[in-house]
Amino acid sequence: MTSSDLATPASESVVPLDQLESRASATPLERTSSIAPLDINDDREPKEAFDSYPDGGGTAWTQVFAVWILFFTSIGALYSWGVFQEALVREGVASSSTLAFIGSAQTVVEAVAAIPASRLVGRFGSRNIALVGTFMCGLGPVIAGSCSHNVPALIISEGLVFGLGQCLIFFSGATLPSSWFLRKRGLATGIVYAGGGFGGAVFSIIASALIQRVGVPWTFRTMGLLFTALNVPAALLLKTRLPRQPLLPGGKIVEWAMFKDARFVLVVLSTALALFPLFCTAYFLPLYATSIGLSPTTGALLLAGFNLSSAVGRVGFGLGADRLFGPVNSLIICLLLISSTTLVIWPLSATIAPLAIYSVVNGISSGGFFSLTTGCVATLFGSKKLPVAFPLIVSFWSPGYFLGAPIAGYILGASGGANAGSRAFLPAMMYSGGLSMTAAVLLIVARWLECKIVWRRV
């Protein structure tokens with residue numbers, strides 16, 4: 001590594017990597033007084049040093065606020081796509097299964113570009129990459145406003161241009177709280193990911209109101225301009241504590257040695273499967289609401305409730321991981337709740353009351369998935385491996401991101417489509433809930449390999 005690779009602007013505060021890991025040379029007394037392990041197995045070396053993290057202070061919480069704003073717009077837009085999809089289906093642009101590919105394209109770019117995006121962040125810094133992502137997140141919807149009835153053009157503008165911008169923003173902030181917090185890592189991570197849930201709730205309502213007043217094209221344009229206005233000042237606030245890294249550290253693009261760890265393989269498989277059904281509720285809830293006789297406005301409000309509940313779940317499960325269960329146990333609970341609500345409550349939701357209950361409970365559980373994943377990876381493999389392990393895991397999410405919702409759409413179409421009534425949605429519900437249950441089982445096995453004591457915090 002050359003000296004230029006380590007160069008960092010004076011405006012960014014840097015702490016050497018060796019201060020972020022456990023002190024192997026410390027005496028037993030020093031270890032006892034200054035280090036608290038994230039790994040709960042008593043016979044292993046502690047993975048983290050508490051006193052090497054600020055765990056608070058103005059700068060640390062400013063990072064949480066800035067990333068919250070960035071996720072509020074970029075991730076919030078992903079969760080509000082169901083409103084646009086319902087409007088475009090109503091206008092006869094295309095079927096729900098076809099339009100679901102646009103929303104899927106937004107998310108699949110994040111997975112496909114996960115490793116290169118994380119390397120760009122490591123080389124050029126969170127602030128610079130977030131600014132590039134901000135430009136693309138604003139440009140995509142503005143272009144979409146001029147081609148809102150052309151599906152291929154929407155896939156390019158909303159799917160690829162916006163999707164790549166969202167990817168760059170996501171990896172600029174996804175692991176940033178983990179470098180500033182340890183004891184409060186779950187809380188800090190939950191807060192920043194809650195931004196996406198709040199954004200989804202707010203933008204679902206805004207988009208629905210704008211579509212009715214000014215139409216789909218100007219709604220796209222307005223959203224793009226709003227994203228830019230909010231994201232630019234937030235991106236300028238970002239600071240990293242880690243030194244700059246070369247684009248190809250050690251000449252390796254992928255750290256294949258991670259796959260020698262059975263726990264890592266199981267986490268990859270579990271989270272990859274969980275992604276298939278994770279966006280089905282967000283994309284199809286407005287359609288399901290209209291299929292049982294509710295108005296499009298009510299469908300948008302239910303989606304807003306789902307997204308708001310997702311924000312609550314991101315913070316709530318983050319606190320629960322810190323104080324009660326640990327991130328791995330909490331993620332297992334999330335997946336079991338997603339599965340059980342999809343298999344039991346949603347099929348019985350023939351009126352607004354049970355559907356609202358489903359939206360809230362499933363939203364809380366779905367929100368927890370994203371806020372807990374980084375903590376789960378850090379707990380199992382250590383913070384030093386987080387910048388390598390996390391994007392590698394996310395890169396395997398692309399099939400679920402791209403095909404999960406469209407598969408549900410095709411299953412719905414094969415059952416008669418949204419116009420055939422609520423029972424036509426039942427096979428898609430079974431598909432969604434079954435995959436979530438399988439993901440939970442795989443993560444339970446990974447947790448058992450980490451610690452075989454059931455009641456331990458992991």
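Inter-residue side-chain proximity for L275 and F396 is flagged as unmet; no heavy-atom pair is nearer than 4.5 Å. Residues F264 and L392 meet the side-chain proximity criterion, which asks for heavy atoms closer than 4.5 Å. Here the side chains of M430 and P347 are in contact, with some heavy-atom distance below 4.5 Å. For the pair L355 and L294, the minimum side-chain heavy-atom distance is below 4.5 Å. Using a 4.5 Å heavy-atom cutoff, the side chains of L372 and C334 are in contact. In this structure the side chain of L120 never reaches within 4.5 angstrom of the side chain of V132, judged on heavy atoms. Counting heavy atoms from C-beta on, the side chains of C137 and T73 never come closer than 4.5 Å.
For F259, the CZ atom counts as densely surrounded, since its 6.0 Å shell holds more than 12 non-hydrogen atoms of other residues, nucleotides or ligands.
S366 places no side-chain N or O within donor-acceptor distance of the main-chain N or O of G363, the cut-off being under 3.5 Å. Although no hydrogens or angles enter the test, the distance criterion places a donor-acceptor pair under 3.5 Å between the side chain of N329 and the main chain of R456. Not a single donor-acceptor pair under 3.5 Å links the side chain of S339 to the backbone N or O of L335. Checking side-chain atoms of S432 against main-chain N and O of A428 turns up no donor-acceptor pair under 3.5 Å. Looking at R447, its side chain does come within 3.5 Å of a backbone N or O of C451 through a donor-acceptor pair. S270 places no side-chain N or O within donor-acceptor distance of the main-chain N or O of V267, the cut-off being under 3.5 Å. Judged by distance alone, the side chain of S126 and the main-chain N or O of S172 form a donor-acceptor pair under 3.5 Å. Formation of a donor-acceptor pair under 3.5 Å by the Y288 side chain with backbone atoms of S349 is found in this model.
In this structure, the separation between CD1 on I338 and CD1 on I364 is 11.5 Å, given to the nearest 0.5 Å. Of the inter-residue distances, the one linking I169 atom CD1 with I75 atom CD1 reads 9.5 Å to the nearest 0.5 angstrom. Of the inter-residue distances, the one linking L435 atom CG with L278 atom CG reads 11.5 Å to the nearest 0.5 angstrom. In this structure, F198 CZ and R314 CZ are separated by 10.5 Å, a value rounded to the nearest 0.5 Å. With rounding to the nearest 0.5 angstrom, the CG atom of L287 is 7.5 Å from the CG atom of L412. In this structure, the separation between CZ on R457 and CG on D322 is 7.5 Å, given to the nearest 0.5 Å.
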Item to check | W68 and F72: CA distance, side-chain angles, deciding distance, ring-ring contact (aromatic ring centres under 6.0 Å, His included) verdict | outcome: CA-CA 6 Å; W68 189 94; F72 175 79; 5.2 Å; yes
Next on the checklist: If you apply the rule side chain to side chain contact (heavy atoms under 4.5 Å, CB included), what do you find for M429 with L343, and how did you get there?
Outcome noted: CA-CA 6 Å; M429 296 173 187; L343 293 173; over 6 Å; no
Checklist entry - Yes or no on ring-ring contact (aromatic ring centres under 6.0 Å, His included) for F306 and Y358, after CA distance, side-chain angles and deciding distance? => result CA-CA 8 Å; F306 170 85; Y358 167 76; 7.7 Å; no
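At a cut-off of 3.5 Å, with distance as the only test, no side-chain donor of Q106 or Q166 sits close to an acceptor on the other residue.
Checked against the 6.0 Å centroid threshold, F369 and W397 count as a close aromatic pair. Residues Y410 and Y431 keep their aromatic ring centres 6.0 Å or farther apart. You'll find the ring centres of F279 and W81 outside the 6.0 Å limit.
Minimum interatomic distance between S74 and L70 (heavy atoms only, all atoms of both residues): OG-O, 2.7 Å. Of all heavy-atom pairs spanning A77 and F227, the tightest one is CB-CZ, 3.6 Å. Taking each heavy atom of F317 and S330 in turn, the nearest pair found is CE2-O, 4.0 Å. Shown here for L131 and L236, the closest heavy-atom pair between the two residues is CD1-CD2, 3.9 Å. Nearest approach of L168 to M136, heavy atoms of both residues: CD1-SD, 4.2 Å.
Ring geometry for Y193 against F170 counts as perpendicular: the plane angle is over 60°, on a 0 to 90° scale with 30° as the lower cut.
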